[in-house]
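Worth saying up front: this structure is predicted, and the values here are computed from it rather than measured.
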Amino acid sequence: MLKRFILIRGIEGLMVLLLAAIPLMINNGFMLGLLTLLAIYGILLIGLDITVGYLGLINLAQAAFLGLGAYAAGLTVTHFGFGMLSALAVSALLGLVMGGLLAFPSLRLEGPQFALATLSFSALSATILNEWESLTQGAQGLQLVRPPLFGLVLDAKGFYWLCLCMLGLVWISMKNLLFSQWGRAFEALRDSPIATDAMGIGTYRHKVTAFALGSGLGGLAGGLYAFNFEYLQPSVFVYELMVILLLGVVMGGRKSLWGAFVGAILIVLLPNLLSNRLLFQIFSAIGFLSALGAGGLALYQKRTKPFQGVAPMIAMGLLVVGSLTVQNTEDWRKAIFALMLFSVVVGLPEGLMGFAATFLSKIFKIEPLPLATPSDLEQVLVKRDVDGGPLLQLQDLKCYFGGIKAVDGVSLTISSGTIHGLIGPNGSGKSTLVNVVSGLYSPTGGSILFQGKPLVRGSLFDVARQGISRTFQNLQLFSELSALDNVMVAMKGWYRSSLPLVLMGLAKKDEKRAEADALALLEMVGLADQARIPAKDLPYGAQRFLEIARAVARRPTFLILDEPAAGLAHPDVMALLGIIRRIHGRGITIILIEHHMDVVAGLCDMVTVLDGGKVIAEGLPDVIKRNPLVIEAYLGKGSGTASPEAVSLATPSPVPA
């Protein structure tokens, strides 16, 4: 614990003290200007990393928010006589509001379309700032005077310390946010938006919040930028700055406050490196040697693909050649930035701090914080009282895809407190049926009643909030998150602290309680000792169990298990039976889609059989397996050869009670 505190909190504190003390040790106006710009860009890149790093979206609008925040601060001071803090508040608020307004339409787009939407916003913003001369002075530029702070006129040193304080507040607030339920939700959105909605998190709402927060930080940085330079021109906030900002985030390292800080250092130093030929030659040579050494070692150890190892060497080699042959390097700024960005994206996708964190963790072997003591499962999943009455009622449910009738007039009633099996040959409509019930698909016709009330249609998020949770036929885990975080991100009702309280670090009790309860659910599925392992690194069987634990973390009334035994070895199937029985023992009603008839026979109270999108049989498992229509559906009429699935249907293996 002491080592961890010294190496993490100690380094952060030491960095702040060092940065704060530099103006006392060095009386150099140019150096002070670079440090001030470093603090401003640090805030800007932390905001950008929320979108690029956590949401995984290419955001080309952050330069625009910097410009809008800068002009908002400048205009409120020159036209309305605002003080410094009130002007900065306006800048941040404008970024927050404009970011939210931009997010509503643009976040409905994916990939290149989203990038183009943010690029269009940036172009439009620059055009408005340039053409609205009566307000912004256009290309002539806006001159302003830095207002006093609480009646005190700040000199260069005082303003630098103000910017450093702002960076510190943003650092602490974002650290509180990104290591909370909100941060886990942001990461989950990147891995699987479908599963995020199915867990009742709300993909769209969280994306808009993340984008608006990042834009608000861009606006705040813009206000500080205006008071630092005291002169603004629209031509500053254009394409080249967008590329530099992306370069800073990618090179520094995504999903990392330290990465944003290192990225800010790089983009502050880059213009000076390009203006000094010798410095640029040294920088290029160091980059080439680093690419050569790291890429060569990775290729020798076969830890990377040939392209990922060789391409950065070639790119940095071209940079070295350019530094030796080009007369004026500033004329080639865009090409240089492109080569550097390409080298880092291909050769070092985790960025400098991502690489450094992995390297340093191997050297210092920092122990993680101890986990909470698991809660009592009886308290986490309080047993529900069930009356055996109708819980889910489907009446003439239909779901058509063009001319394909995937579900064609299914009527079905599932009683509370039961495990209801749903079986049928491949393509019979089982998964489509539960996809309609869970809100992934909208029905073509028919009605769905849940607890006697109409169920929301076509919305995973709204259905999840009504008490229905599910797993997926194809795993939909949040692969980059640990097993513990996968469960914690889905927990319903554990987090009561509002976003402002989270930002202030006042949600620690919620986090600790949620962690203890999540460990109880992991213990239930046999994964408590693997809580810190990323989901992508777990064995396949453990991933299946983790998805069940995450679904149960919603405390659902009704649980959909879509082929949970698919691909499992026999010992894992036996473990799965025990897990499902424990969940059912807490009063949770379950619908089980399964091809393993031994699992169905050992668990289900009632079984419904689908074929061609229609119900062909319903009854007790022992009766269903002898039904001629069911046997014909699996074996085919007049077929003399049984498929493995059909053999399993006809002769289920015994399952312990």
Side-chain angles (χ1 to χ4, degrees), residues 184 187-188 190-192 194-196 198-199 255 301-305 349-350 358 361-362 365 367-368 370-372 374 377 380-381 431 469-491 515-554 559-584 590 592-600 602-603 644-645 648 653 655-656:
R184 284 188 291 271
E187 287 200 69
R190 185 189 63 246
D191 287 338
S192 178
I194 289 177
T196 307
M199 294 302 105
K255 297 195 305 176
Q301 296 177 346
K302 297 182 179 179
R303 291 186 287 106
T304 187
K305 296 178 181 178
E350 72 274 21
T358 304
S361 64
K362 293 178 180 179
K365 296 181 180 178
E367 292 295 327
L371 294 173
L377 186 63
V380 178
L381 287 179
S431 291
S469 188
R470 66 166 298 173
T471 65
F472 292 85
Q473 183 177 353
N474 298 316
L475 283 166
Q476 293 285 339
L477 291 172
F478 309 129
S479 58
E480 297 294 328
L481 294 179
S482 68
L484 178 61
D485 285 340
N486 262 271
V487 176
M488 289 181 69
V489 79
M491 301 183 86
E515 182 181 287
D517 291 353
L519 285 168
L521 295 175
L522 287 175
E523 204 171 58
M524 177 188 73
V525 299
L527 296 178
D529 59 339
Q530 302 178 68
R532 284 198 168 103
I533 298 176
K536 64 181 180 181
D537 295 334
L538 291 172
Y540 177 75
Q543 290 181 344
R544 281 286 179 191
F545 298 161
L546 175 58
E547 193 177 35
I548 293 173
R550 186 186 66 184
V552 173
R554 291 290 305 160
L559 176 63
I560 299 171
L561 298 179
D562 194 351
E563 298 193 27
L568 296 185
H570 184 72
D572 286 337
V573 172
M574 294 297 102
L576 174 68
L577 295 175
I579 291 169
I580 294 175
R581 289 190 181 110
R582 290 192 73 182
I583 295 170
H584 180 244
I590 299 172
L592 175 67
I593 301 176
E594 193 50 70
H595 283 299
H596 288 68
M597 276 306 295
D598 50 352
V599 174
V600 173
L603 290 174
E645 184 181 272
S648 175
S653 57
V655 176

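Going from atom CG of L522 over to atom CE of M488 covers 10.5 Å, rounded to the nearest 0.5 Å. Considering CD1 of I580 and CD of E594, their distance stands at 7.5 Å, rounded to 0.5 Å. To the nearest 0.5 Å, atom CG of residue L377 and atom CD1 of residue I583 are 9.5 Å apart. Rounded to the nearest 0.5 angstrom, D529 CG and E523 CD are separated by 10.0 Å. Here the OG atom belonging to S479 is positioned 11.0 Å from the CG atom belonging to L538, to the nearest 0.5 angstrom. Atoms CD1 and CG, on I593 and D562 in that order, are 4.0 Å from each other to the nearest 0.5 Å.
Each of D485, L546, D191 was evaluated against F478; a single residue qualifies, D191, per the side chain to side chain contact (heavy atoms under 4.5 Å, CB included) test.
The two residues S469 and A551 make their nearest non-hydrogen contact at OG-O, 2.8 Å. Of all heavy-atom pairs spanning T196 and A188, the tightest one is OG1-O, 3.4 Å. When every heavy atom of R550 is checked against every heavy atom of L477, the shortest pair comes out as NH1-CA, 3.5 Å. The heavy-atom pair separating M199 from R470 by the smallest distance is CE-O, 3.7 Å. The shortest non-hydrogen separation linking S431 to Q473 is OG-OE1, 2.8 Å. Contact between P374 and A520 at its shortest, heavy atoms only, is CB-N, 4.1 Å.
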Step by step, would you call Q530 with S482 a side-chain contact (heavy atoms from CB on, under 4.5 Å)?
-> CA-CA 9 Å; Q530 302 178 68; S482 68; over 6 Å; no

Show the numbers, then the answer: is there a side-chain contact (heavy atoms from CB on, under 4.5 Å) between L521 and L381?
-> CA-CA 9 Å; L521 295 175; L381 287 179; 4.0 Å; yes

Would you sort out whether L371 and L484 count as a side-chain contact (heavy atoms from CB on, under 4.5 Å), showing the intermediate values?
-> CA-CA 10 Å; L371 294 173; L484 178 61; 3.7 Å; yes

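Side-chain atoms of E563 do not come within 3.5 Å of backbone N or O of H595 as any donor-acceptor pair. Remark: side-chain polar atoms of Q476 are not paired, donor with acceptor, to backbone N or O of A195 under 3.5 angstrom.
With sequence neighbours excluded, the residues forming a side-chain contact (heavy atoms from CB on, under 4.5 Å) with A575 are F545, listed by chain and number.
Contact check for V599 versus L592: side-chain heavy atoms found under the 4.5 Å cut-off. Between L576 and I548, the closest side-chain pair of non-hydrogen atoms falls below 4.5 Å.
Defined by atom type and a distance below 3.5 Å, a donor-acceptor pair is missing between the side-chain atoms of E547 and T471.
The cationic group of R544 does not satisfy the cation-pi geometry with Y540, failing either the under 6.0 Å distance to the six-membered ring centre or the 45° limit from the ring axis.
Taking the charged nitrogens against the carboxylate oxygens, R184 and E187 have no contact shorter than 4.0 Å, which rules out a salt bridge.
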